[in-house]
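Below you'll find the structure, written out as structure tokens, and then a few comments.
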Amino acid sequence: MRASGILLPVFSLPSKYGIGCFSKEAYAFIDFLKEAGQTRWQILPLGPTGYGDSPYQSFSTFAGNPYFIDLQTLIEEHLLTEQECAAYDFGRDSVSIDYEKLYHARFGILRKAYQRFCPDKTYETFISQNTWWLSDYALYMAVKDAHDGMPWSSWETPLRTRQPDALRKAKELYADEIGFYSFLQFTFDKQWTQLKAYANKNAVQIIGDLPIYVAFDSADTWAAPNLFQFTENHTPVHVAGCPPDAFSATGQLWGNPLYNWQYHKETDYAWWTRRIAHSLKLYDIVRIDHFRGFDEYYAIPYGDKTAEHGQWMPGPGLDFFRTIEKKLGQLPIIAEDLGFLTDSVLNLLKDSGFPGMKVIQFAFDDRESSNYLPYTYPANCVVYTGTHDNDTTRSWYRHAPKECRDFAAEYLHKPLLDTDSLSWDFIAMAMSSVANLCVIPIQDCLCLDEHARINTPSTLGGNWTWRLTNEQLTKELAAQLQHMTKLYGRLSS
């Protein structure tokens with residue numbers, strides 16, 4: 001069935017307190033999607049962010065980001081007051097997130113809510129159902145706070161290596177802080193569950209994002225070092241990244257710890273099964289980032305300053321997905337298969353049955369293969385004009401080499417492309433393709449320039465900050481989207 005949707009991170013939603021969250025504006029965005037004939041809302045990872053504010057470097061693969069908790073709901077629940085919220089500075093720019101101000105303000109006001117919170121049976125049920133990850137996460141965050149935010153690798157040896165006596169003492173010493181972080185996760189889960197239910201009620205499915213790797217400084221690595229390629233001293237042996245290519249002469253050094261795939265296989269992929277099951281509780285469809293890593297992963301010696309001296313190592317392959325499917329049933333997964341793909345990766349994608357991704361911008365870039373041109377697509381794929389890692393289409397065209405712009409004009413059979421309407425030419429190209437699903441970044445619907453870019457890979461600072469305003473989601477835009485969706489047969493019946 002043909003369908004379409006919009007890519008918009010939760011943090012980019014309009015809201016009153018410095019960052020997009022599960023507020024009334026999120027519900028209004030779902031209403032906009034319904035009016036525009038869109039049945040998918042794709043978001044970025046929902047985990048708590050750390051250094052660099054990247055949703056792909058989270059303190060936990062299971063926890064939710066406290067920044068997304070709606071303060072207005074807490075006011076309505078009498079855990080906060082309007083005056084208390086107004087007393088904090090969450091940042092004054094309505095179109096950009098100030099993470100430094102947000103960090104100090106959000107946790108300050110949320111602690112006030114926690115002090116007034118009275119646990120009930122619903123809370124107790126949540127705790128008991130999530131103890132398998134929540135107890136480690138809450139303790140990790142409490143100890144981290146006590147160490148001025150330092151990574152667990154810098155903690156004293158008894159805590160760093162999780163010696164039982166040290167853990168017992170820490171749980172006693174930081175009991176209130178553990179309770180605070182447990183309250184945050186309960187509140188996050190309650191608000192997100194209500195928002196997702198509203199989306200589903202309005203025939204909108206949520207496409208979530210599951211990074212293949214976890215952050216080194218995370219509860220996941222601290223609590224279960226045996227899952228990763230660590231030394232006996234819990235130091236990484238190799239870390240993740242990508243080799244040099246036409247986009248980067250020294251490659252990309254991500255720095256994430258790599259998995260001990262032999263151990264995962266011996267345990268029947270138990271941790272991964274829980275991780276994917278948890279994701280399928282949060283989302284209707286899961287986009288798995290860096291699908292290639294399940295076929296082969298790039299291992300860079302720990303301590304290297306660039307990705308130049310890594311090597312490809314075998315991943316778990318199809319056995320990984322088949323094992324998890326036996327436990328969870330058919331997996332509603334989108335495979336992020338961008339970049340250079342070997343025959344073995346292509347075979348893994350084909351054998352898995354998952355739809356891959358196609359990006360229109362790449363079709364006209366001579367550094368990419370030609371299989372991003374719409375006429376080459378299989379039906380079982382998801383087409384995008386661009387992703388969160390791309391520039392907006394308007395800005396891409398403005399800065400692309402002349403031969404790329406000329407190729408796009410020729411392909412569209414237009415001698416001269418108008419930058420004011422260019423994005424909609426690309427949207428039409430995506431919508432009209434045979435791809436079963438089409439997802440458009442909201443920035444392209446609004447024909448925005450580079451100031452609306454979400455992320456520039458391999459850079460620090462200035463990423464993950466762009467925000468939408470209420471005034472941009474107009475009825476005229478909804479009507480324009482609805483018309484094109486109907487024109488190309490993507491409206492739900």
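For the single chain, residues carry numbers from 1 onward in sequence order.
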Would you please test F11 and W466 for ring-ring contact (aromatic ring centres under 6.0 Å, His included) and show each step? CA-CA 8 Å; F11 60 74; W466 177 77; 8.9 Å; no
Quick one, D70 with T73, criterion side-chain hydrogen bond (donor to acceptor under 3.5 Å, both in side chains). Give me CA distance, side-chain angles, the key distance, then yes/no. CA-CA 6 Å; D70 176 39; T73 299; 2.6 Å; yes
With salt bridge (charged side-chain N to carboxylate O under 4.0 Å, His left out) as the test, would you mind laying out the steps for K16 and E82 before giving the verdict? CA-CA 11 Å; K16 187 177 181 180; E82 293 274 6; 3.5 Å; yes
Before you tell me yes or no, could you show the steps for Y103 and F107 under ring-ring contact (aromatic ring centres under 6.0 Å, His included), namely the whole-Å CA-CA distance, both residues' side-chain angles and the distance that decides it to 0.1 Å? CA-CA 6 Å; Y103 173 79; F107 285 98; 5.4 Å; yes
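The aromatic ring centres of W41 and Y283 sit 6.0 Å or more apart. In this structure, H388 has its ring center under 6.0 Å from that of Y56. Between W272 and F294, the distance separating the two ring centers is shorter than 6.0 angstrom.
D145 pairs with exactly one of Y174, Y140, Y181 by the side chain to side chain donor-acceptor pair (under 3.5 Å) rule, that one being Y181. When each of F364, F362, Y411 is checked for a ring pair (Phe, Tyr, Trp, His ring centres under 6.0 Å) with Y372, only F362 meets the rule.
Using a 4.5 Å heavy-atom threshold, the side chains of S12 and W464 count as separate. Contact annotation: the side chain of V382 never approaches that of K358 to less than 4.5 Å [non-hydrogen atoms, C-beta and beyond]. Taking the side chain as every heavy atom from C-beta outward, Y17 and Q72 approach each other to under 4.5 Å. Counting heavy atoms from C-beta on, the side chains of H238 and I300 never come closer than 4.5 Å. Using a 4.5 Å heavy-atom threshold, the side chains of D389 and I454 count as separate. Proximity of I207 to I334: side-chain heavy atoms (C-beta onward) are separated by under 4.5 Å at one or more points.
Under the 3.5 Å distance criterion, the side-chain polar atoms of Q38 are matched with a main-chain donor or acceptor of G5. R394 places no side-chain N or O within donor-acceptor distance of the main-chain N or O of S423, the cut-off being under 3.5 Å. In this structure a side-chain-to-backbone donor-acceptor pair under 3.5 Å is missing from R106 to G18. When atom types are taken as modelled, the side chain of T392 and the backbone of D444 share no donor-acceptor pair closer than 3.5 angstrom. Under a 3.5 Å cut-off, the side chain of S58 and the backbone N or O of P48 do form a donor-acceptor pair. With hydrogens and angles disregarded, a donor-acceptor distance shorter than 3.5 Å links the side chain of H147 to the backbone of V143. Under a 3.5 Å cut-off, the side chain of S182 and the backbone N or O of I178 do form a donor-acceptor pair. With hydrogens and angles ignored, the 3.5 Å screen pairs no side-chain donor or acceptor of R398 with any backbone N or O of D449. Panel note: side chain N202, backbone V204; no donor-acceptor pair is recorded below 3.5 Å. Between the side chain of Y137 and the backbone N or O of D220, no donor-acceptor pair lies under 3.5 Å.
Distance check, rounded to the nearest 0.5 Å: CE of M357 to CG of D337 gives 7.5 Å. To the nearest 0.5 Å, atoms CD1 (I360) and CG (D425) are separated by 11.5 Å. With rounding to the nearest 0.5 Å, the separation of CG in D217 from CG in N256 is 11.5 Å. One finds the CE atom of M429 at 10.0 Å from the OH atom of Y488 (value rounded to the nearest 0.5 Å). Here the straight-line distance linking atom CG of L80 with atom CG of L110 works out to 7.0 Å at 0.5 Å rounding. Atom-to-atom distance recorded for L33:CG and I6:CD1 is 6.5 Å, nearest 0.5 angstrom.
The cationic atom of R292 (NZ for Lys, CZ for Arg) does not lie both less than 6.0 Å from the six-membered ring centre of Y297 and within 45° of the ring axis.
Salt bridge E77/K190: present, at least one basic N to carboxylate O contact under 4.0 Å. D284 has no carboxylate O lying under 4.0 Å from a charged side-chain N of R40, or vice versa, which leaves the two without a salt bridge. The pair K144-E177 fails the salt-bridge criterion, with no side-chain N (NZ, NE, NH1 or NH2) lying under 4.0 Å from an Asp/Glu carboxylate O. The existence of a salt bridge linking K281 and D189 is confirmed by a sub-4.0 Å separation between a basic side-chain nitrogen and an acidic carboxylate oxygen.
Using the six-membered ring where Trp is involved, Y67 and Y99 have ring planes that are tilted, between 30° and 60° apart. Taking the six-membered ring where tryptophan is involved, the planes of W254 and Y213 are tilted, since the angle between them lies from 30° to 60°. Between F22 and W192, the two ring planes are tilted [angle within 30° to 60°]. Ring planes of F117 and F183: tilted class, angle from 30 to 60°. Taking the six-membered ring for Trp and thresholds of 30 and 60 degrees, W155 and W222 have ring planes more than 60 degrees apart, a perpendicular arrangement. Ring-plane geometry between Y259 and W271 is classed as tilted, the angle between the planes lying from 30 to 60 degrees on a 0 to 90 degree scale.
Between G386 and P441, the closest heavy-atom pair is O-CG, 3.1 Å.
Shown here are the side chain to side chain contact (heavy atoms under 4.5 Å, CB included) partners of S433, two or more places apart in sequence or in another chain: P374, Y377, V383, A435, R490. Checked against salt bridge (charged side-chain N to carboxylate O under 4.0 Å, His left out), E84 has the following partners two or more places apart in sequence or in another chain: R116. The salt bridge (charged side-chain N to carboxylate O under 4.0 Å, His left out) test applied to D209 returns R287, not counting sequence neighbours.
More than 12 heavy-atom neighbours from other residues, nucleotides or ligands sit within 6.0 angstrom of CG on D420.
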